[in-house]
Enquirer: 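First the structure, which I've put down as structure tokens, then a few questions once you've had a look.
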There are 2 protein chains.
Amino acid sequence: MALATVESRFTPARLPGSPSGGRKPRHVSLNDPGSTPHDRRLAEVLEHAARIFWEKGYEGASMRDLARATEMSLAGLYYYFESKEELLFLIQKHTFTTIMEQLRERLAESAAPEERVRIFIRNHLEYFLSNKEAMKVLTHEDETLRNGRGAQIRAIKRQYYTICLELMEDLRRAKGLQFSGRLAVLSLFGMINWIYTWHNPRVDAGAEALAREMGDLFLHGVLHPGKRKRKSAGPRV
Amino acid sequence: MALATVESRFTPARLPGSPSGGRKPRHVSLNDPGSTPHDRRLAEVLEHAARIFWEKGYEGASMRDLARATEMSLAGLYYYFESKEELLFLIQKHTFTTIMEQLRERLAESAAPEERVRIFIRNHLEYFLSNKEAMKVLTHEDETLRNGRGAQIRAIKRQYYTICLELMEDLRRAKGLQFSGRLAVLSLFGMINWIYTWHNPRVDAGAEALAREMGDLFLHGVLHPGKRKRKSAGPRV
DNA sequence: GGACTTACCGAACGTTCGTTCGAATATCTA
DNA sequence: TAGATATTCGAACGAACGTTCGGTAAGTCC
């Protein structure tokens, strides 16, 4: 149920009036009983849009593709948002906000630095593999949005980065180590974001197993098996 | 000197004759004394094109942008290649071929498994940071080319992947370990390719230092400093 | 039942896109 | 220097693009 939650606005994109009657913006979901039909329809449209951007990229996708997918007219789409740019913005904002909310909830469950890093990895991979279309759009169309909308997304991204950096520094302190937090975070982001270029659900492990293995790799490297895997027979006598 | 080496063809894209007079295709360079003016001009055009694709993405870039950058007419560009797709193909093929050639040379210098993995990382990062435009185009426009041209690029990519996988399996055997080579390689690719999203030459380390740190991270993880960095004062008594 | 809002649509606008055509100039060779 | 070849160009083509205009039909409220 990717993109089921959308922050509704005071007014629709076109201005014949307000569909939500001047209510305050809030989060609604496809299954949320408090959501209006308008909000639910918008969420559906965004879900189709995410799939199309995922397939063809933002620039390569056309509004006519979206009209075909949603079985709406080209003009009818513009009742729900004011431009293609806003469409991308809504997808990215919703996706980023949701993965971050979920992360905060899960981090509240543990205070152990190493475990918290593993929670971060697991949360990211689980969300990524459950929402691969939107997450690819978020990561691949990183530099597409400009000006105000781009700045808003970049602000959320910075928050996400900062959370991870603090996890890393807590770990470093707790273990009495020295390493560059920035480099560790950015390397980790590379590992876990790159997944959209290769993950194949038919041959690769699921999110949980991947999170365990990538966590091991990130924390111990390939050379230090820790309590896991070490070959019984080997040059080690 | 990104994109200075280009494989010339028998004939130019338009067909008023053959500029290189029926010579065999071969590699030429901007500084290569054996390169024809035609080859050198094409290399210049490709370099401009790489910079434009780097800035705006393949779909977002227009042939008119390239005409402006090269100070040629729109029509004049098509003397050197037959389509925008071929333009991207030439950039990707040249870039991939070059980084792989350089890798093979460097790998010949060492037989020690761990050192060879470090050579791979260093080569990739050095080439990436010296040719960031073309390397971003190579990684970001991964799925853009379709059909025959896409298949050719994918074939080179598979070679590159296979080389790295073999390095990883040699290392695993030598150290008597057990880990998924596929996951290790793909995680490493994520780490070292993601760099184009964050590296800032004004604040971040250069290729050599980055290669050392990322190599440490990949081999030992954040928790096992090895002979490097461990805090003198710490909870370790 | 009339006024208003919500949700949508057909048709078109102006722009930009990749590509091509026919011709003109520059460069080289004999 | 004549002729061929290599290189470049202005102008235009048709297609596709994002967006907008003026409407219509159905639901809601007094």
Side-chain angles (χ1 to χ4, degrees), chain A residues 8-23 35-45 48-49 52-53 56-90 144-146 149, chain B residues 8-23 35-45 48-49 52-53 56-90 144-146 149:
Chain A
S8 50
R9 293 158 297 162
F10 280 99
T11 53
R14 297 287 294 277
L15 297 167
S18 163
S20 36
R23 247 183 263 107
S35 71
T36 66
H38 177 271
D39 293 335
R40 266 175 273 135
R41 188 82 175 107
L42 172 57
E44 282 174 30
V45 172
H48 279 112
I52 291 167
F53 288 160
K56 316 183 126 187
Y58 174 78
E59 304 280 1
S62 77
M63 300 302 289
R64 283 162 181 85
D65 291 332
L66 182 56
R68 205 175 306 118
T70 54
E71 293 181 297
M72 284 182 73
S73 69
L74 188 56
L77 290 173
Y78 284 82
Y79 178 72
Y80 288 98
F81 45 84
E82 66 179 32
S83 66
K84 194 185 177 189
E85 271 209 8
E86 197 199 10
L87 187 55
L88 177 60
F89 171 73
L90 290 174
T144 306
L145 288 177
R146 296 254 125 85
R149 285 192 266 254
Chain B
S8 49
R9 294 160 295 166
F10 279 99
T11 53
R14 297 288 293 276
L15 298 167
S18 164
S20 37
R23 249 184 262 107
S35 70
T36 67
H38 177 271
D39 293 335
R40 268 176 272 132
R41 188 83 176 108
L42 172 56
E44 281 174 28
V45 171
H48 279 112
I52 292 168
F53 288 160
K56 317 183 122 184
Y58 174 78
E59 304 280 1
S62 76
M63 300 302 287
R64 284 161 181 86
D65 291 331
L66 182 57
R68 205 175 307 119
T70 54
E71 293 180 297
M72 284 183 72
S73 70
L74 187 56
L77 290 173
Y78 284 84
Y79 177 71
Y80 288 98
F81 44 85
E82 69 178 32
S83 67
K84 195 185 177 189
E85 270 207 9
E86 198 201 10
L87 187 54
L88 176 60
F89 171 73
L90 290 175
T144 305
L145 287 177
R146 296 255 126 86
R149 284 192 265 255

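In what follows, chains are A, B, ... by sequence order, proteins preceding strands, each numbered from 1. Scope of the values below: all heavy atoms of this structure, side chains included, with no hydrogens, waters or symmetry mates.
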Enquirer: Run the side-chain contact (heavy atoms from CB on, under 4.5 Å) test on B:Phe81 and B:Val45 for me, step by step, so that the C-alpha distance in whole Å, both residues' side-chain angles and the decisive distance to 0.1 Å come before the verdict.
Expert: CA-CA 10 Å; B:Phe81 44 85; B:Val45 171; 3.8 Å; yes
Enquirer: Whole-Å distance between C:dT15 C1' and A:Met63 CE?
Expert: 17 Å
Enquirer: Given that B:Pro37 and B:Arg64 both sit by DNA chain C, which one's nearest nucleotide is further toward the 5' end?
Expert: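 Looking at DNA chain C, the more 5' nearest nucleotide goes with B:Arg64.
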Enquirer: OP1 or OP2 of D:dT8 sitting under 4.0 Å from any side-chain N/O of B:Tyr80?
Expert: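 Result: yes.
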Enquirer: Side-chain N or O of A:Tyr79 less than 4.0 angstrom from OP1 or OP2 on C:dA7?
Expert: yes
Enquirer: Does B:Tyr80 use its side chain to pair, donor to acceptor, with the backbone of B:His38 at less than 3.5 Å?
Expert: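 Not confirmed, B:Tyr80 side chain does not pair with B:His38 backbone.
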Enquirer: Kindly write out the residues that satisfy side-chain hydrogen bond (donor to acceptor under 3.5 Å, both in side chains) with A:Ser73, not counting sequence neighbours, or none if the list is empty.
Expert: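 Applying side-chain hydrogen bond (donor to acceptor under 3.5 Å, both in side chains) to A:Ser73 gives none.
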Enquirer: A:Ser62 side chain N/O closer than 4.0 Å to the phosphate oxygens (OP1, OP2) of D:dA16?
Expert: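 No, A:Ser62 has no side-chain N/O under 4.0 Å of OP1/OP2 on D:dA16.
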Enquirer: Return whichever of B:Leu77 or A:Lys84 has its heavy-atom-nearest nucleotide of DNA chain D closer to the 5' end.
Expert: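 Counting from the 5' end, the first nearest nucleotide belongs to B:Leu77.
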Enquirer: Among D:dT19, D:dT8, C:dC8, which is the nearest nucleotide to the side chain of A:Met72?
Expert: C:dC8
Enquirer: In whole angstrom, give the distance that lies between atom CD of A:Glu71 and atom P of C:dC9.
Expert: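 After rounding, the gap between these two atoms is 10 Å.
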Enquirer: Determine yes or no for a side-chain-to-main-chain donor-acceptor pair under 3.5 angstrom, with A:Lys56 supplying the side chain and A:Asp65 the backbone.
Expert: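 No.
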Enquirer: Whole Å only: how far is the CD atom of A:Glu59 from the C1' atom of C:dG18?
Expert: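 Atom CD in A:Glu59 sits about 15 Å away from atom C1' in C:dG18.
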Enquirer: Using the side-chain heavy atoms of B:Ser73, tell me which of these nucleotides is nearest: D:dT19, C:dT20, D:dT8.
Expert: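 It is D:dT8.
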Enquirer: Identify which nucleotide among D:dT19, D:dG10, C:dG18 has an atom closest to any side-chain atom of A:Ser83, counting heavy atoms from C-beta outward.
Expert: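 Ranking D:dT19, D:dG10, C:dG18 by closest atom to the A:Ser83 side chain puts D:dT19 first.
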Enquirer: To the nearest Å, give me how far apart CZ (B:Phe81) and P (C:dT19) are.
Expert: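 So the two atoms are 9 Å apart, to the nearest Å.
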Enquirer: Base, sugar-phosphate alone, or nothing: which one does A:Leu74 contact when heavy atoms must sit under 4.0 Å apart?
Expert: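 A:Leu74: base contact, heavy atoms under 4.0 Å.
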Enquirer: Rounded to the nearest Å, what distance is computed from the CG atom of residue A:Leu42 to the C1' atom of nucleotide C:dC8?
Expert: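 Taking CG of A:Leu42 and C1' of C:dC8, I get 15 Å after rounding.
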Enquirer: When the distance from OH of B:Tyr58 to P of C:dC17 is rounded to whole Å, what number comes out?
Expert: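 Computing the B:Tyr58:OH to C:dC17:P distance gives 13 Å.
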Enquirer: Over how many whole Å does the gap from B:Leu66 atom CG to C:dG18 atom P extend?
Expert: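 From B:Leu66 CG to C:dG18 P: 10 Å.
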Enquirer: Can you name the closest pair of heavy atoms from A:Leu77 and A:Met63 and give their distance?
Expert: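 Nearest pair, atom of A:Leu77 first, then A:Met63: CD1-O, 3.6 Å.
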Enquirer: D:dC9, D:dT20, D:dT8: which one has an atom nearest the side-chain heavy atoms of B:Ala75?
Expert: D:dC9
Enquirer: Could you give the OH-to-P distance, from A:Tyr78 to C:dC9, as a whole number of Å?
Expert: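 In whole Å, C:dC9 P lies 14 Å from A:Tyr78 OH.
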Enquirer: Need one value for A:Ala67: base, sugar-phosphate or nothing, where a base atom within 4.0 Å counts as base even if backbone is also close, heavy atoms only.
Expert: nothing
